[in-house]
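Counting convention: from 1, in listed order, for ligands and their atoms alike.
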Amino acid sequence: AFAQTSTTAATPVAFGDLVALLERVFLRHGTSERVAAILAENCASCERDGSTSHGVFRIPGYVGSLKSGWVDGRAEPTVEEAGPAFLRVDAANGFAQPAFLAARDRLVGMARASGVAVMAIRNSHHFSSLWPDVEPFAREGLVALSFVNSFACVVPPGGRSAVYGTNPMAFATPVAGGDPMVFDQAASSMANGDVRIAAREGHSIPPGSGVDRDGKPTTDPKAVLDGGALLPFGGQSGVHKGGSIAFMIEVLAAALTGGKFSREVDWSAHPGAETPCTGQLFIVIDPERGGTGAFADRVAGLIGDVKEAGQDRMPGERRYARRARSLRDGIPLDPARLAELRALAGD
Ligand code: NDP
Ligand code: PYC
């Protein structure tokens, strides 16, 4: 695992240099060139945008999964048409993003032809944020939703054992005259990655986030990770709402795709593995089929109303600001972490 965050000043790294470094890490640990290029770009993008729970922090986990033989870094996905607007993709125990990108153009073509299209991916390892998957659709004028389930680490409301994964969902829509509005959020009180970062850095987690191994509320991230669990999002008055979203995501990302439920992920024979092998669903819609002729303008107007009402920012705006800063000044990386990445790359 990575060392503690050092107090030394961060080293700025250009986006392209980080992509190249991560690509070398993936290649050195057995992926194909195509998979290395896709995962490196994806992970560097997370770091660039400040999605740190799924940035370079995740590299040892990717490497652990590859080294243990849990994931196939050279998998060749297969794509079949289940209908005129329904693609089924078998990731063949490979990473989700290469499987998704193998059929993405067909999905866009189907959405443009039919107004809506679905892609159901199974046997796929998703270990990243979802926004990189959906944001580009909105830049092409499409509305996109995606759902992924992960591994059992979230108890249902009132429950005693973990059934759900942290189960993220993401939504992206075009906005006239601006960047797409994208939200990307776990169905749990926090992402497992953030709990691990809190444990590593010695911080507590907010009250109401999780329970220990006896089911008692705790703010100790280590207790959550050591036999405890997270709670669905929603807080004291609405944890059942997060529980229903987590349930829906198990249904859409696993039951519907043929992927494993979070509870069925069993990597016990692969010590070091960290990437859950489950499923992912995409729903892509051509908003022009709504017939208003003014979809993106209406969305922009709604955002204006939301801000005028007092919300200081929309989801995605923090990322876009961070992206601009990273592209201008370099991505700030802890020097110790950068050294570890270089060692993993064999530099
Ligand atoms: P956050 O709670 O950090 O953010 C969720 C969303 O809310 C983001 O779109 C964020 O936008 C937005 N947001 C946050 N604060 C505000 C605010 N004050 N006002 C308006 N919008 C706000 O995300 P999570 O911790 O739930 O998830 C983190 C990441 O972990 C996600 O990228 C998710 O995909 C990933 N994840 C992946 C899993 C997997 O299995 N692959 C499992 C679980 C999580 P912004 O980004 O601009 O701040
Ligand atoms: O942060 O919860 C998480 C997570 C699970 C799988 C990948 N990320």
Donor on one side chain, acceptor on other, D220 and T218, under 3.5 Å: no

Atom 12 (C) of ligand 1 - nearest protein heavy atom and its distance: P315 CB, 3.9 Å

Proximity to ligand 1 by part of P276, non-hydrogen separation under 4.0 Å: neither

Location of contacts on T166 toward ligand 2, heavy atoms closer than 4.0 Å: side chain

Candidate with minimal heavy-atom separation from atom 46 (O) of ligand 1, of M169, R318, R58: R318

N or O pair under 3.5 Å between G193 and ligand 2: yes

M190: which of I197, T166, L230 passes side-chain contact (heavy atoms from CB on, under 4.5 Å): L230

Lys/Arg N to Asp/Glu carboxylate O, R139 vs D179, below 4.0 Å: yes

Test side-chain hydrogen bond (donor to acceptor under 3.5 Å, both in side chains) applied to E264 - qualifying residues, sequence neighbours left out: none

Distance-only donor-acceptor check, side chains D133 and Q97, under 3.5 Å: no

Residue selection (non-hydrogen contact nearest atom 16 (C) of ligand 1) among H54, M190, R313: R313

Polar proximity ligand 2 side, R58 side, N/O cut 3.5 Å exclusive: yes

I205, T219, L231 screened by side-chain contact (heavy atoms from CB on, under 4.5 Å) with V224, the one that passes: I205

Under 4.0 Å to a heavy atom of D194 - the qualifying atoms of ligand 1, by number: 25 (O)

Proximity to ligand 2 by part of E274, non-hydrogen separation under 4.0 Å: neither

Non-hydrogen protein atom less than 4.0 angstrom from atom 2 (O) of ligand 1: no

Geometric cation-pi criterion R104 and F137, 6.0 Å radius, 45° cone: yes

Between S262 and E250: side-chain donor-acceptor atoms closer than 3.5 Å: yes

From the candidates S128, A191, A186, the one that places a heavy atom nearest atom 37 (C) of ligand 1: S128

Proximity flag H54 to ligand 2, non-hydrogen atoms under 4.0 Å: yes

Contacting atoms of ligand 1, where contact means under 4.0 angstrom from a heavy atom of F183: 9 (O)

Proximity winner for atom 39 (C) of ligand 1, if only heavy atoms of P168, C153, P132 are counted: P168

Positive for side-chain contact (heavy atoms from CB on, under 4.5 Å) with I249, one of I245, V251, L252: I245

Atoms in ligand 1 with a heavy atom of L130 nearer than 4.0 Å: 34 (O)

R122/D90 salt bridge by N-O under 4.0 Å criterion: yes

For E317, the ligand 1 atoms whose distance to one of its heavy atoms is below 4.0 Å: 47 (O)

Residues R58, E274: salt bridge by 4.0 Å N-O rule: no

Contacting atoms of ligand 1, where contact means under 4.0 angstrom from a heavy atom of G316: 11 (O), 45 (P), 47 (O)

Minimum non-hydrogen distance to atom 33 (C) of ligand 1, winning option of T166, D184, D49: D184

Partner of S189 by side-chain contact (heavy atoms from CB on, under 4.5 Å), out of P232, P207, S209: S209

For T275, side-chain hydrogen bond (donor to acceptor under 3.5 Å, both in side chains) partners two or more places apart: S65, H125

Numbered atoms of ligand 1 (with element) below 4.0 Å of H126, judged on heavy atoms: 40 (O), 41 (N)

Atom indices of ligand 2 within 4.0 angstrom of N192 heavy atoms, with elements: 1 (O), 2 (O), 3 (C)

Where ligand 1 meets S150 - atom numbers and elements under 4.0 angstrom, heavy-atom basis: 40 (O)

Numbering as shown, the atoms of ligand 1 that approach S129 to under 4.0 Å (heavy-atom distance): 31 (C), 32 (O), 34 (O)

